[in-house]
Visitor: 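Sharing a structure here in structure tokens format.
Proteins get letters first, then strands, A, B, ... in listed order; numbering begins at 1 in each.
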Amino acid sequence: MALTQVSSNKCAGGFQKVFEHESSELRCKMKFAVYLPPKADTAKCPVMYWLSGLTCTEQNFITKAGSQLPAAEHGIIIVAPDTSPRGCNIEGEDENWDFGTGAGFYVDSTEDPWKTNYRMYSYVTTELPKLINANFPTDPDRMSISGHSMGGHGALICALKNPGKYKAVSAFAPICNPMQCPWGQKAFSGYLGSDRSTWEAYDATVLAAAYSGPQLDILIDQGRDDQFLTASQLLPDNLIAVCSEKKIPVVFRLQPGYDHSYFFIYSFMHDHIKHHAKYLNA
Amino acid sequence: MTFNCFQSETVTIRNRLQGKIAEMESFAGHLEEIFLTVEENFGRQEQHLEQHYNDVLQTLSQRYDERAAGLEEEKKGKLEALYNQLLACGQAMDASKELIETAQEVYRSQDKRLFLKEIDLTLATCLEFNTPLADLSDVKTMMDSINVVPAPSAPVINPQMPNSATQTSLRVCWSLFSDDTVEYYELYYRPVLEDMPADSTFSTVKVKETHCTVTDLLPNAQYELWVTATNTTGISPASEKALYMTVPSPPVIKQRECTSCPEAALIRWESGNTNPVDSYTVELSEMGTDGTESSVTESIVAVPTCQCLIQLQTGRRYLISVRAVNIGGPSVRSEAITVSTTGTFFYLLEDSAHPCLSFSEDGFTIFYGDEELPISAMALGDNTFTRCVAVLGDLIPVRGRHYWEVEVDDGTEFRIGVAYEDTGRNSYLGANNTSWCMRHILTPSRHKYEFLHNGWSPDLRITVNPVRIGVALDYERGTLSFFNVDLEQHLHTFHCHFGNYVHPCFGMDNPGALTVHNGIEAPEYTFI
């Protein structure tokens with residue numbers, strides 16, 4: 001598949017690049033960001049996939065999250081895709097900030113008019129890794145996944161639905177139980193229809209209750225002063241309860257004074273990359 | 001008309017009566033006043049009378065006392081005089097009686113002039129001269145010995161040779177710098193004690209050679225020795241006195257006070273001698289993988305105190321022993337201790353333990369029993385924890401990386417971490433700024449975990465309860481991390497510059513048990 005480089009900036013001894021390609025799953029042009037650490041010059045590196053949240057593109061993470069220095073230190077390639085298909089001209093896709101453009105929710109839609117293009121789950125788990133492994137010095141067996149908010153939901157479900165595929169998983173302020181919160185209900189009914197049983201396949205809390213596979217070790221950071229936590233959009237307690245019951249290892253940290261923004265992500269990015277490095281470099 | 005007359009008469013009479021009543025009332029009032037005045041006056045009179053008579057009585061009493069005292073004195077004086085006179089009379093009588101008796105005796109004896117004989121008329125000194133016999137025996141001996149072999153001259157005793165002494169014996173040598181014939185030598189020796197009397201007893205050994213090994217001596221003790229030579233003629237004068245010293249007893253390594261880490265070991269021992277020695281020598285040899293002792297040994301000499309911090313290589317096994325050294329030489333080796341530089345190894349400081357804690361025999365498991373201890377058992381040393389049921393570990397003072405594991409039960413409420421040596425023994429681990437710990441609390445609904453320092457903890461939830469916890473301390477990076485060992489899961493890291501050395505600390509908030517595992521190589525993920 002043809003990749004076009006959109007930009008390249010030297011950063012932390014390595015290179016922060018943005019590429020564009022024609023996606024077969026999403027049937028449109030898609031951009032994604034790739035950080036290549038210094039180690040990538042000479043050796044194959046493991047890859048961490050980062051999924052961003054509502055309204056983001058591939059730019060927010062690479063300019064605001066402070067990921068490059070720790071990625072360079074631990075020799076990890078970080079891939080950050082966009083959050084939804086772009087320029088598909090679907091009616092109503094720009095009407096809401098929390099549904100449609102910039103709000104793909106990392107599902108494979110089954111409903112019209114979304115089902116042709118809105119296939120972010122398959123894009124992230126199948127098409128993108130194939131593309132990355134073919135074009136960059138990666139170790140295809142060492143992949144991990146992380147994300148923020150809607151991207152946190154995406155990271156959790158990708159890991160839970162693909163036991164053994166991701167060597168590490170972590171999340172910042174994830175939407176843990178979308179079936180029970182307004183955001184999730186709005187998105188799932190639009191993308192997946194009114195039959196709630198189809199939503200279960202994309203809900204981290206439900207997936208955790210039924211998980212069987214290699215042991216996970218999930219790190220979650222959540223700002224205590226996050227307005228969306230207060231608004232019951234995130235519901236981490238539900239996930240923790242299920243993981244305690246099912247003995248899925250989770251360390252959940254409630255960080256006092258922190259909100260939902262990239263300032264919060266920046267503050268704990270180092271800890272998350274160290275968490276991923278432990279498993280990716282083992 | 002008659003009625004009016006009656007009325008006015010009645011009124012008049014009434015008025016008159018009223019007047020009379022008023023008069024009588026005032027009269028009564030006056031009477032009362034007079035009554036009170038009379039009472040007052042008489043009262044005053046009574047008081048005066050009482051006072052006056054009291055004065056009189058007092059004066060009389062005083063006069064009586066004076067007269068009585070006077071009489072008493074007179075009586076005393078008279079009695080004394082009479083008594084003295086009586087005594088004098090008695091004495092005179094006795095003297096007279098004696099005189100009479102003596103006279104009667106003289107009268108009775110035949111020779112009336114006998115009493116005159118009491119004068120001693122003999123001469124004080126003897127009239128003859130006392131001439132002692134001249135003693136010429138030593139001149140005779142000297143004359144006799146002109147043709148005989150002389151007694152030997154004094155031998156010269158050698159100073160102590162290095163490495164010639166043992167714990168209980170001394171090899172003494174001397175020489176004779178003349179051609180004198182000697183039949184045998186006699187070696188005298190005695191221990192030099194602090195407050196030794198000048199003529200304390202000594203022992204002797206008779207030998208034919210010019211050397212002798214004296215045995216049955218005390219270790220690490222100084223002895224005074226001298227030697228004489230004897231032949232048929234006699235004994236030589238004694239040689240000069242020499243001071244020899246036996247070698248010390250070997251030290252005893254205190255197994256439970258030795259600690260190690262990947263780069264070093266701290267060995268502590270007891271001197272093994274009641275009196276001080278000059279120094280200690282520590283010897284170490286590396287053990288091969290097949291358990292045999294390598295021939296390579298290293299010695300550290302002139303160690304001044306009973307402990308030594310030794311630099312070692314990581315991942316090896318060593319045999320370490322100690323010798324005590326004095327002027328006499330080194331002692332035999334102490335019993336050796338095996339030290340492994342895999343991981344960090346330490347025992348618990350049992351004298352810091354709260355009285356409610358008891359220890360397993362190997363010293364690595366602590367038990368918090370739920371029986372009430374009697375007050376007498378709560379006798380506390382300066383070093384023991386008094387509130388928090390806790391104990392410290394004896395971590396080697398090396399600012400490197402250290403790792404150990406703690407095994408607990410699901411239901412044990414524990415506090416594990418590190419603390420400065422001087423952390424308050426009256427306070428709880430984690431509640432002050434001199435200790436850092438992971439704390440497990442059991443509530444009716446769930447397990448709660450805190451990472452405490454200075455009373456503050458971050459807000460965390462952990463879904464799988466750790467029963468084997470890895471603790472990783474990195475002095476240089478200033479980190480203290482906790483892991484669920486079974487899952488290789490990182491739980492939390494404290495970031496703190498440790499200004500002083502810290503000790504591992506272990507505590508329990510409810511009855512239970514806790515086992516410390518150390519000497520373990522730190523897993524890779526602990527020090528990323």
Side-chain angles (χ1 to χ4, degrees), chain A residues 46 70 73-76 156 167-170 176 204-205 208-209 211 214-226 229 235-258 267-268 270-282, chain B residues 401 403 409-411 438-472 474 476-496 521-528:
Chain A
E73 187 190 322
H74 293 287
I76 298 174
L156 291 171
K167 297 285 177 281
V169 55
S170 73
C176 299
T205 302
Y211 179 79
Q215 194 173 81
L216 294 165
D217 176 5
I218 309 175
L219 173 63
I220 302 176
D221 270 308
Q222 171 65 57
R224 190 150 73 186
D225 290 8
D226 183 334
L229 179 68
L235 305 172
D237 287 338
N238 296 357
L239 180 65
I240 292 168
V242 169
C243 288
S244 300
E245 173 81 40
K246 291 285 168 190
K247 305 260 180 278
I248 297 176
V250 174
V251 174
F252 173 85
R253 316 193 299 187
L254 197 61
Q255 305 289 6
Y258 288 93
S267 306
F268 300 101
H270 191 106
D271 284 351
H272 281 247
I273 293 191
K274 204 163 130 177
H275 171 77
H276 286 255
K278 178 169 120 192
Y279 295 101
L280 292 174
N281 289 333
Chain B
R401 286 180 175 173
Y403 176 77
D409 283 325
D410 210 40
M438 171 177 175
R439 185 181 173 199
H440 172 224
I441 305 165
L442 215 43
T443 69
S445 54
R446 64 184 182 95
H447 293 253
K448 207 171 152 205
Y449 293 92
E450 292 183 346
F451 290 87
L452 285 168
H453 173 64
N454 223 356
W456 187 87
S457 166
D459 196 334
L460 283 164
R461 303 286 291 275
I462 296 176
T463 56
V464 177
N465 308 319
V467 289
R468 192 156 171 133
I469 296 134
V471 185
D474 188 331
E476 273 187 21
R477 279 206 217 158
T479 56
L480 177 70
S481 302
F482 296 84
F483 300 88
N484 177 330
V485 174
D486 297 327
L487 303 177
E488 296 188 6
Q489 181 190 41
H490 169 257
L491 299 172
H492 180 73
T493 297
F494 287 104
H495 293 272
C496 163
E521 191 179 335
E524 255 183 60
Y525 61 81
T526 52
F527 287 115
I528 310 175

Visitor: Return the minimal non-hydrogen interatomic distance between Val464(B) and Ile248(A), and the atom names on each side.
Guide: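 The pair with the smallest heavy-atom distance is CG2-C, 3.8 Å.
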
Visitor: Looking only at N and O atoms, which donor-acceptor pairs between chain B and chain A are within less than 3.5 angstrom?
Guide:
{"from": "Asp459(B)", "atom 1": "O", "to": "Leu254(A)", "atom 2": "N", "distance (Å)": "2.8"}
{"from": "Arg461(B)", "atom 1": "N", "to": "Phe252(A)", "atom 2": "O", "distance (Å)": "2.7"}
{"from": "Arg461(B)", "atom 1": "O", "to": "Phe252(A)", "atom 2": "N", "distance (Å)": "2.9"}
{"from": "Thr463(B)", "atom 1": "N", "to": "Val250(A)", "atom 2": "O", "distance (Å)": "3.2"}
{"from": "Thr463(B)", "atom 1": "OG1", "to": "Ile248(A)", "atom 2": "O", "distance (Å)": "2.5"}
{"from": "Thr463(B)", "atom 1": "OG1", "to": "Val250(A)", "atom 2": "N", "distance (Å)": "2.7"}
{"from": "Glu488(B)", "atom 1": "O", "to": "Lys278(A)", "atom 2": "NZ", "distance (Å)": "2.6"}
{"from": "Glu488(B)", "atom 1": "O", "to": "Tyr279(A)", "atom 2": "OH", "distance (Å)": "3.4"}
{"from": "Gln489(B)", "atom 1": "NE2", "to": "Asp217(A)", "atom 2": "OD1", "distance (Å)": "3.2"}

Visitor: With a 4.5 Å cut-off on heavy-atom pairs, point out which of Val250(A), Ile218(A), Val251(A) contacts chain B the most.
Guide: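 With the most close heavy-atom pairs to chain B, the winner is Val250(A).
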
Visitor: Measure distances from Ile240(A) to the heavy atoms of chain B and classify the residue's part below 4.5 Å as side chain, backbone, both or neither.
Guide: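 Both the backbone and the side chain of Ile240(A) come within 4.5 Å of chain B.
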
